[in-house]
Structures are given as C-alpha cells and as structure tokens.
Amino acid sequence: MMTRKRLTAARIAKFYIFCFIILFIATSCNERIPAYDELKQDAVLNPDYTSVTIPPNIAPLNFVVNETADKYLARFYNSNGIDFIVSSGNGSIIIPEKKWHRLLSGSVSGEFFVDIVVKKSGKWVKFNTITNYFARDSIDKYLVYRLIDPEFETWNIMGIYQRNLESYKVTPLILNRVSDGNCVNCHTFCKNSSKTMMFHMRSKHAGTVIYRDDKLSKINTKTNKTIANGMYPAWHPSGNYIAFSVNNIVQSYHAIPGRTVEVYDTLSNIVLYDINKNVITSCNALSDPDRLETFPAWSPDGRYLYYCCAIKNVLKQPDYNSFMDVHSRIRYDLLRIAFDEESRSFGTVDTVLTVSDSVSSVSLPRISPDGRYILFCKSEHGNLTIWHPETDLYLLDLKTGIVSRPDINCNKTDSFHTWSSTGRWIVFSSRRDDGLLYTRPYFAYFDTSGQMHKPFVLPQKNTEHYFKIMKSYNLPELVTSKVELNPRTLAGIIKEQATNAGYEDF
Amino acid sequence: MIRQINSKNIRYILIGILFVIYFLYFALLNPYHIHYLEQSQLFIWSLDFLKEKFSLPGVFADYSGSFFTQLFYSSWVGAFIYTLNAFAVFILSLYIFKRHNLNNVIISFVPVWLLAILQSSELFTFNQAIGFLLLLSFFALYITVKKTSNRYILFFAGWPVLYILAGGFSVPVIVLCILHELLFRKEKKRYIITVLYVITGVLIPYLCARLIFYIQPDKIFTYPVISELHSLFLYALILLFAWTPAMLLAGFFIDKAKSLKNRLLPWSIINVAAGIVIIVLMAFVIYKRAYNKMADMMLGVDHYAQRADWDKLLKLSDRYPGYNTLVIYYTNLALYKSGKLMDRMFCYPQISSQGLRLKWQRNLNLFFGGEVFSRLAYNNESIHWAFEALVAKGLNPRSLKKLTVGCIVNGNYDIAQKYLSLLNKTLFYRKWAQLHIRYLSDPDLMGKDHELSEYRDLRVNTNFFSAVNGLNLQDLLENHPENKMAYEYLLASLLLDRNLDGFASTVQNLKYYGYKTMPLHIEEALIFYYFYENRNMVPEGYSFKQENIDRFNDYAGAYTAYRNDRKVAAYELRKKYGNTYWYYLQFPQ
C-alpha cells in the first residue's frame, strides 16, 4: 500500500509529464520562421506550382523544393490571417488538407502566398515569395482518365480511373484485369455528366459499353456498310446520339531522337449512332471517299457537328522511299456540318478553319460549353498528335474568328483537352515533364475575358508520384460528380455478347 | 522374414543422394531456364513494390517468389533454392503422410518429382512453387494442432489469411482439412465442420472479390495458379494438387488393411529396391518428357548474348541441332561481334535474311528481338522493342537497361532517370544503375563508356520509318556510312537472299571498313558471280585466293557430276561444301 508521501510524488510526476506533453504539442504546432537572409531568387519547385491559378476546391498542391538544404520550411498565408508552416527534412512539402482548404476558403483577395525558407550551412535563407491565385470558379469534382503504358503497339495492364479533385482519392472504373486483359479506351461523357458515358473495348469481349439512364448496354458498332468499329466518340448534348469516327489506322515508327510513333489513317469517315434505335447512319459529306473525316465534336446546342477533314489522295503513292514525305502532307482542316436532331439529318458543310494550305493540321476540336470558343490541337501534319512534339493548343474565338495560341503551351507536346462543365477550366495532356513519353494532366483556368492562366499539373499526395509512375495519363475528362460504376458492376456487361447495331442509309 | 534396413543413416544418405541429383539436374541441365526466369521479372526493394502485390490474392507467394527469383542471377544459387524448396516440400509431405498412416519416402517424394517436371518448364515460375509450399505448410500446421477447438479456430481465422497470402493455392487446403476431419478424427461435429469449411472456402474468396480485390469472377478460386500449361506439365500440375488428398484417402484405406501396410511401408530390402526402381523411372520420365534440352540451349544462346559472351554462344550454337530462328538470329549476331560473320556464317544453319532479326510478334520475340537493333545503334527501334517487352512481360532488368541506354543516347535524361531509379533498387543491377546515374550528372563521363560512345556517334539524324520486317540497313548506312555492323549485315542479307547483283554492287565499299583481306564468303560469292556472270566485281585492292578458286572448281565439277539428280547432289555436296556460300546458294533449305 502506498504511503501518503509516495502518492503525492506520483501525482506531482504525473502533473509534470502532462505539462511537458502539452508544451511539446504546443511548440510543435507553432513552428515559426526563423531569422533569414533574403536570397532574391526564385525557388524551383517540382511540380511547378508558382504563379498558378487554381480552383478553390482543389486538393493540396504538394511539391518538392528542388534545392539542396538541411531543412525546409514552407509558409502558406493569405491576406486574411490564415498562416501556417510546413516543415520538411528532405524538401518534400506535404500540406495538411484541412489547413489548405481553410487557406483557400478564407482568402478574399483571390491570392495566397508561399515563402520557402531553407537552412544551408547553418544559415536560413529565403527565396522570393511565391504568389498563387485561386479563381472563384470551382472545377468539376472528378477527373476521369486512363492509365496506360505510353503505347507503341502492345498493351498489358490498363484501367480507367476517377480521381476526386478535392482530395487524392482514386477509384477504378474499369480494370482490364477483370476483362481478360483486353484494351479499354475512349471513355467519354455527355456534357461532363457522370450519368451518361461510354467506352470501347478491343480484342477480347470487344464492343462499346454505353451507360445511360442507370443502364448498361454493349454494342457492336461495326456494320457491313462501315469500314471499322466506332472509334473517336462525341456525345450529342441530348444524350441520344454518339458521333464516331471509323478509322483504318496505320502506325509507323520514327528513327530520329525526339520522335517515336506516327499514326495516320488510310481511311476514315464519321458515322452517327442513334442510341434509342440502335442504328448507325452517315451522310455523303462525312464519308467522302476522297477525304479523311475524323475527330467529331458537337456544338453545345447540338446543331452542328464539327470535325477534321483532310484530302486523302496524297496517300495514293505507296512508294516506300517517299512514304515519309507523303504522310507528312496529310493535313486536316476544321469543318462543321449542320444537324437537325428531330429529323436526324445533316445539312450543309461549312469550313471553319483552313490550315492545310500552310504546314499545319487541326485535330481534336472541343467546343466550350457556351459555344463561343473552340480549343483544338495544331501540329505540322497528321492526326494523333500526342506523338508530335510540335503540337500545341490553339483557341478559336467563333465570335471574332481570331485564332490565338494561349500561353499554356510549352515546346513539347500539349494535346488532348476537355472543358469543364462551366467552361472556366480546361484539362489537357502534356509531355512537358520528360518531353517524350509520359503524359500528365494539366489544368488551366480560362477566365471570362478569354485568357488562359498558367497551367498546373494534377496534384498528388506523394511528391514523387510522377517520377515513379510508369504509366501515362490518357484522355483526361472532367466530370461533375462521381461515376457510380466500378469493375465489379461492369463485370457482367463485359462478357456479354455485344448487340449488333443496324445501318440505315442517310 | 523380411530383412529391414534399420539404419537411419542409410535412409538419410539415400534421401540426400536424391536431392543432390535434384540439384544437379537444375544446375547442370537447366541453368539457362533459371537465368531466363531471373531476366523475366524484377524484384524491387521498395514499399511501393510490396504494396502493388496486395492488389490481388497470392501476396506472399508472389512477393517471395519474386524475391527468390532475383537470386537466380546465379543459376547455381537458383538450383540450390529449387532444391531447398523441394526438400521443404518433401519434409512436409513426409510429415503429413506419416500422420496419415503412410510413412513412405517414395510417396512423399512424388510431389518433389512433380515439381521437378513443372520447373523444367520456363512457364512455371517460382511463385507457383512457393504457393504450393504454403499449401502444405498450412495443412501441416493444421494437423499438428491436437485440440479440436484450436484446430477449428486455426482454420476459420487462418484460412482467410492463407487465401490472401497464397490465393488459389489455399483452395486445396479445404479439401485436405475436410478429409482429415472426416477420415482421421472422430469428432461428432465433423460433418457440420465440413459444411462450414466449404462455406468458408466459397464465402471468403467471394467477399474478397467484392470488397478487397478487383479480380475476374472466374479467377477468384484459382488466381495465381498458372493455367497456361499443356500436356505433361498440365497433368503434372493436376497431379501435384491431387496427390496429397489421394494419399490421405490411401492412408485411410491402407490402415484398414494391416497386412498391406506391413508389406508396403517398412524399409525392407525389397521395398528399397522397388523404391529405387520407381525413382529411376521418375528420372526417366523427367529426362525423356520434361527436360527440354533444345529449349535450354535456346535460352542459353540468349543468356550468352546478354553477357556478350560470343564464343560461348557460338559453342552452344554449334551443338544446337536443326533450325531455330532464335538460335540463328543470335548466332549471326555472335558471328558479327566476334568478327566471323563473313567467314563463317554458312557453317551454321541460315534461313534467308529473316535470320538476321526476329519477326515482330506479340510473343517472346518482343523480349529477344531488340538486341540486334541495339547493336546496330538503331536506337529508336531498340527503345521500341525494349518498351514493348517491358509492357508485355512487366518490369524486367533487360528491358530497363535497354531503355536506359536508349534514352541516354537520345538525350532523354529525365526518362532514363526514371528507369535507373528502379534498377537502383535491385540487388544485382544497382551498380550498373549507379554508374549510369553518374553519366547523367556528368555527361563527359559517357565518353569513357565504349558502348554509349559508339551509339551516340551513330545516332540517326535523317529520319526514316522502321521497316516492318527489315533492318533499315540502307537507311542506317545513309545516316552513318561508317556503321560497320550495318554494312556487314547488309552484305549478309544480300547473300542470304541470294541477291548477287545487289551484293556485287554493295561489296565495292569493302575497303572502307578495314578488311585487310576479303572474307571467305564474300570471296566465294564473287567467285560464283564471276563464274556465272562473267563479271569481275572484286573490290579494288583485293584479289581471289588460288585455294578458293581451286575449291570452287572442285565444287563446280562435283555439282556437274550430280546435276541430273538434285537430291543426290545436295546430299553429296553437303559433305564437303555444306559450309560454303555456293552450297547455300544452290541448295535452299
């Protein structure tokens, strides 16, 4: 039995331990920036999250400070008194999520600041303050993308995933290991809605899976009147039609450094799939035997189908020695054709943009939700421009007719892009990080005056993610809410026999 | 009275001899299979690598299988690991069967024999062997537990864990546990327990597939058990799984027939003699049906190509009987690298210019076919093949090294860094990775690397598209006329395709490539050309040797003598002239 003396001593000891713990926690939480010298130079961050404009609902932009130092401090603050510090021993700055969201939501002026202070040889030095901006416009909550090996020809493990942009949570939509290793591709949504989507499967269990009205169906889009299965898709805004290109694709491989794959069509047309009637149709303008029509994209009101079109007769020279020269002359212009939804008929064709008379080619047109702008890829020739280092994103203002090259481009491939549901954000695929193979999704703010702001890469929890991952982010699509599909719910439809689509003459 | 062999030492010696033979079978007769398995996968010392394994059932089998396979870098270590695993299987089998009234070495050795058959196939990875070992280990633990309630708890708590660790290898454990309970235990609850075991065996994989793993429904109960085997190997796999349950049943019935038990199981001289006969038969089956000498030689040729040991490659190729595109392809490469292509290529089987490269096909060709492009300094195509092999096979050291070299040569240091960071986390490729990492931070060091310097000097600068089934040799020479391998391969392709006109024209540049004398096959071809076209296309500075002219005259004379019967001509001329270009030219295979 303890004596009174011992009991008192035990209580005192407990009290001191308690105080020590409280003190420790308090001092840990209130890390302060020590006295430093100003370096008067910019810190190099990886990814580059400097002077970027971000949405208010984005997950924390974790980064690495690319400087050799003993200790790193990153101070995040805004003009409204939100102020916190993140410390690191290796340069990797992992921002606490709650503090981050408070930083963004608590900022009235639309900007926040980052001070990077590092300890080198016993002295603290500070880099120039980084100013980042955030827009009032939120970004669509989910990003859907495919993770693939940067494809030459062979594939193995791939899947389509959705990432919650407000956190780091990623869930798979479809993994090809549940579909006998086939190829899943071309996931597309109608007006950024998670309720209406489709994707293709090639090789085993081939077919086009359509998700609409909470139902799944699987269609074989190849008919005896069309040259191939449906490929590049575009949902009509009504959700009743999908325009597909049908392509006969050939792939070649370059020999010089800096170039890898060349993909081109020997045949391509555009067809229209009527989902309700399960029929495919087309028209003469979209299946001209002397032309290559591809990359359909609908106007937001559904009254026009935009597409890319090239003259085909350059290919009538199958001489091997000049083949490289021949294919480099395949250049696409941007056209559009009127469409009447009620009668399901096409009308006249207009030329929207002619570039083929110069050393240029248009691909992947995407019309903004307000119908005013077209964002497209421009390259020297060809169509699968993710493999062209010179490919850049261009903006056509349909109101003024002006074509501009936004500052979001770099000197490496910038390609496949989509608009957010509000038209204030775009996501695009860029190979600016390594210049050649691995594609990353970048976001850029498009403000109401028609200006694009500096892009930033999809943030990751692990700052080494993009260095480690051996896959490319392919076909990034912004979606407003979570797609209620996963590999288990899709398992049934995958193995089903595809229903053949019929063909109706125009 | 039957004489017993009671000495335990003799038993241990006999068992020991068996495993020494097991070890030697793999070390001496299958070393290249072992090397190939090591080359086909990569074990990375990182948490991310371990986390990836948790995405499907069979975590431990997969992870530890990969761990041990990295040690197959040495085929002797690999053979030793195979033997250790086999010994563990044997001990566990012996223990299990002894507990079920079957104390017999031969019966316990059958799973080892079946493993030896299976491991003779390069498709049967070590992960599979680990999976089977886990199966036996769990069951051995199960039967060790004396208290019934503890045994049941072990199953209900342990089997789900086993499923996660071993995947489909855990399913036969249910059968074994049920047999054990029904036949060898007298518990009243054993029938209910049997039903509960079955329910567990169905429910747990189902729940795992619904809640944890994304796995194809038809693979829930089998993954990662290999299914792509055929004929003998498939039967061996089925028997491997069926053997233990079958022996449990046998143990149950043999216990009823005491006289049979007393006759079959003891170490009598007759039984030992019978056992030896059975072992010899087992060895015979392995040697005749499972052991694939040609496959091992083929993999050996590949192994020596990777090690750039051209002399050993050629020695192995000398012994390879018949035509094999992979062997021919590597032989030609080795001949060039050892400076003998134009002197000795027709001493080996040839199949036209298709023997200079492998066809582009989505099979093992992807893994082997990039070598020639790498050596030709056709860098982009080397990267192309290496990348496709990486995608098709998964991470493997060979593809990563090829990609690293390719990216460094092309100046894509960021991508090279990516691949090097993976190799830097391996046991045997770390040094290579660190050397190349130094090159990235100090490119001047690359000048001291002979391979990198050569490839950089020969980098393509005028673009062209890769030929579907060719080597783009003309294009490579247009870019760099000094590319000697491209030149020799071009000459070889013209000879192999019997295009003497093209050959005669191309050979005029011979002196630019440092040949002091005309190589033998070039001379043979030009002699033939002179004889039939009456055109002297000998390059400037060279001349025919009289001995070769005399040989040709002999050949022509013999050919004329047999010309009325081509079959006889082919047979007779082959004896003396089978290794000449003349014979190849006139008698296509």
Side-chain angles (χ1 to χ4, degrees), chain A residues 148-159 171-181 203 250-262 320-321 323-328 431-438 462 464-471 486-488 490-492 494-495, chain B residues 46 48 55-56 209-211 213-219 223 360 362 366 373 378-381 383-395 400 403 406-407 409-419 421-422 456 459-468 470 472 474-476 479:
Chain A
I148 54 163
D149 297 292
E151 207 170 299
F152 283 86
E153 198 172 320
T154 307
W155 74 84
N156 192 353
I157 298 167
M158 70 169 76
T171 51
L173 289 187
I174 176 74
L175 299 171
N176 76 340
R177 66 167 180 250
V178 301
S179 53
D180 283 315
S203 180
V250 177
Q251 202 158 278
S252 287
Y253 306 96
H254 290 273
I256 49 167
R259 299 300 301 265
T260 44
V261 181
E262 190 65 50
Y320 171 78
N321 288 334
F323 197 61
M324 180 159 282
D325 177 50
V326 160
H327 94 80
S328 68
R431 286 189 171 166
R432 61 189 61 196
D433 295 321
D434 64 41
L436 192 68
L437 273 185
Y438 295 97
N462 184 341
E464 285 190 306
H465 174 85
Y466 291 118
F467 179 69
K468 287 181 179 175
I469 190 169
M470 298 280 283
K471 302 280 191 196
N486 61 60
R488 295 181 187 115
L490 286 167
I494 282 165
K495 301 243 170 127
Chain B
S46 78
D48 290 329
S55 61
L56 285 168
R210 297 299 299 175
L211 300 172
F213 304 121
Y214 291 110
I215 183 170
Q216 217 158 292
D218 56 352
K219 291 186 178 165
Y223 185 88
W360 176 266
R362 285 185 201 185
L366 290 180
F373 297 104
Y378 186 176
N379 203 45
N380 271 25
E381 197 63 4
I383 291 174
H384 177 199
W385 283 72
F387 203 92
E388 300 283 46
L390 191 78
V391 171
K393 264 190 143 354
L395 289 180
L400 285 173
L403 284 168
C407 289
V409 169
N410 274 0
N412 299 124
Y413 294 168
D414 286 336
I415 305 177
Q417 186 74 48
K418 209 177 182 54
Y419 302 136
S421 74
L422 288 172
R456 288 171 91 199
R459 209 160 39 187
V460 170
N461 40 47
T462 304
N463 202 6
F464 54 87
F465 280 147
S466 66
V468 173
N472 290 99
Q474 295 277 20
D475 296 305
L476 290 172
N479 268 271

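Just the heavy atoms: all of them, side chains too, but no hydrogens, waters or symmetry mates, feed the values below. Residue numbering restarts at 1 for every chain, and letters A, B, ... go by the order of the sequence lines. Because the structure is a prediction, the values reported are computed rather than measured.
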Q.
If the threshold is 4.0 Å, N to carboxylate O, is there a salt bridge linking B:D218 and A:K495?
A. yes
With a 4.5 angstrom heavy-atom cut-off, could you sort out which part of [X] is near chain A: side chain, backbone, both or neither?
X: B:N379; result: neither
X: B:L476; result: neither
X: B:Y419; result: side chain
X: B:Y378; result: side chain
X: B:A389; result: neither

Shortest non-hydrogen contact from [X] toward [Y]:
X: B:N380; Y: A:R259; answer: ND2-O, 2.9 Å
X: B:F465; Y: A:H254; answer: CE2-CE1, 3.6 Å
X: A:M470; Y: B:L390; answer: CE-CD2, 4.0 Å
X: A:T154; Y: B:E388; answer: N-OE1, 3.1 Å
X: B:T462; Y: A:I256; answer: C-CG2, 3.8 Å
X: B:F387; Y: A:P150; answer: CE2-O, 3.3 Å

Rounded distance [0.5 Å steps], [atom1] in [X] versus [atom2] in [Y]:
X: A:I494; Y: B:Q216; atom1: CD1; atom2: CD; result: 8.0 Å
X: A:R431; Y: B:D414; atom1: CZ; atom2: CG; result: 14.0 Å
X: B:R362; Y: A:W155; atom1: CZ; atom2: CH2; result: 5.0 Å
X: B:L403; Y: A:L437; atom1: CG; atom2: CG; result: 8.5 Å
X: B:S466; Y: A:E262; atom1: OG; atom2: CD; result: 11.5 Å

Q) For A:R488, does its backbone N or O pair with a side-chain atom of B:R210 as donor and acceptor, under 3.5 Å? A) no
Q. Are any side-chain N or O atoms of A:K468 and backbone N or O atoms of B:L422, one a donor and one an acceptor, separated by less than 3.5 Å?
A. no
Q) Between A:L175 and chain B, which part of the residue has a heavy atom less than 4.5 Å away: side chain, backbone, both or neither? A) side chain
Q: Would you mind checking which part of A:N462 comes under 4.5 Å of any heavy atom in chain B, side chain (CB onward), backbone (N, CA, C, O), both or neither?
A: neither
Q) Can you name the side chain to side chain contact (heavy atoms under 4.5 Å, CB included) partners of B:L56, sequence neighbours left out? A) A:R177, B:I215, B:Y223
Q. Who passes side chain to side chain contact (heavy atoms under 4.5 Å, CB included) against B:R459, sequence neighbours left out?
A. A:P257, B:V409, B:N410
